[in-house]
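In what follows, a single structure is set out as structure tokens and then discussed.
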Amino acid sequence: MAVTKMISIDGQEVPFRASAAVPRMYRLKFGRDIYKDLNALNKSVSEGDEEDSGLDMLSLEMFENIAYIMAKHADPQGVPQDPDEWLERFNTFSIYQVLPQLIDLWGLNTQTTVESKKTSPK
């Protein structure tokens, strides 16, 4: 089941969407594994400091690509085919403010609503 969330970027409310299609869309567009990239970004951001960011260029690019795919998924007609065109819509924005919200959105999508049928033997 897809989950959509509005996130404020540079004073604009931007829709983002997470569903089972996102990993495939990300892999086809960028040739990378979104699970590995999200884990690496989460670790880098949780260890970093917004005032003195030590994030490398690859980390920033992974973040931009994940944000782009989730925005494109939420608004296929309104988001351009090129990530650079989409990013041109904004002034700079903080990965430390937006990434945690995208990770939360992704977490909502991956939560299960079905109770496990397996029980441990007694």
Side-chain angles (χ1 to χ4, degrees):
M1 178 175 158
V3 181
T4 303
K5 178 179 182 178
M6 299 297 280
I7 298 175
S8 181
I9 296 180
D10 190 30
Q12 301 175 45
E13 290 297 310
V14 180
F16 290 89
R17 186 173 192 186
S19 77
V22 168
R24 184 173 194 278
M25 294 168 63
Y26 187 77
R27 185 178 61 253
L28 291 173
K29 183 77 173 173
F30 301 111
R32 299 185 55 88
D33 181 335
I34 195 168
Y35 295 105
K36 288 180 182 178
D37 289 354
L38 274 171
N39 285 336
L41 281 173
N42 193 26
K43 183 178 178 187
S44 295
V45 169
S46 65
E47 292 174 354
D49 175 16
E50 185 172 0
E51 297 299 319
D52 186 30
S53 176
L55 293 173
D56 60 15
M57 295 304 290
L58 178 60
S59 295
L60 293 173
E61 186 176 347
M62 285 188 305
F63 162 69
E64 294 163 349
N65 291 344
I66 290 168
Y68 167 79
I69 286 296
M70 293 175 92
K72 180 75 172 163
H73 190 39
D75 184 10
Q77 304 306 321
V79 174
Q81 292 297 320
D82 180 47
D84 292 335
E85 287 180 47
W86 180 70
L87 288 167
E88 284 291 328
R89 296 178 176 186
F90 311 104
N91 290 318
T92 58
F93 54 90
S94 173
I95 185 174
Y96 292 92
Q97 294 171 358
V98 177
L99 182 63
Q101 294 182 72
L102 292 178
I103 290 171
D104 287 344
L105 175 62
W106 185 251
L108 290 173
N109 175 62
T110 58
Q111 286 178 347
T112 182
T113 57
V114 178
E115 212 173 295
S116 177
K117 294 181 182 179
K118 288 186 175 183
T119 57
S120 60
K122 293 184 179 181

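Quantities reported herein were computed from a predicted structural model and do not represent experimental measurements. Computation of the quantities below employed the complete heavy-atom set of this structure, encompassing side-chain atoms and omitting hydrogens, waters and symmetry-equivalent molecules.
One hydrophobic cluster holds both Leu87 and Met57 under the rule that ILVMFWY side chains link at heavy-atom gaps under 4.5 Å. Both Phe90 and Phe63 are part of a single hydrophobic cluster, where members link through side-chain heavy atoms under 4.5 Å apart.
The only member of Asn42, Ile66, Val98, Asn39 that meets side chain to side chain contact (heavy atoms under 4.5 Å, CB included) when paired with Ile103 is Asn42.
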Using atom types as modelled, flag every donor-acceptor pair under 3.5 Å from a side chain in residues 8-21 to any protein atom, sequence neighbours excluded.
from, atom 1, to, atom 2, distance (Å)
Asp10, OD2, Asn91, N, 2.8
Asp10, OD2, Asn91, ND2, 3.4
Gln12, NE2, Arg89, O, 3.0
Ser19, OG, Ala21, N, 3.1
Ser19, OG, His73, NE2, 2.7

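Contact check for Arg32 versus Met62: side-chain heavy atoms found under the 4.5 Å cut-off.
Residues Trp106 and Met70 share a closest heavy-atom pair of CE3-CE, 4.2 Å. Residues Pro83 and Gln81 share a closest heavy-atom pair of CD-O, 3.8 Å. The two residues Tyr68 and Phe30 have their closest heavy-atom pair at CD2-CZ, 4.0 Å.
Inspection of the Tyr26 and Asp37 side chains reveals an N or O donor paired with an N or O acceptor under 3.5 Å.
Taking Val3 as the reference, Leu105, Leu108, Asn109 meet the side chain to side chain contact (heavy atoms under 4.5 Å, CB included) condition, with sequence neighbours excluded.
With values rounded to the nearest 0.5 angstrom, Ile69 atom CD1 is found 12.0 Å from Leu102 atom CG. The CG atom of Asp84 sits 8.0 Å away from atom CD of Glu64, with the distance rounded to the nearest 0.5 Å.
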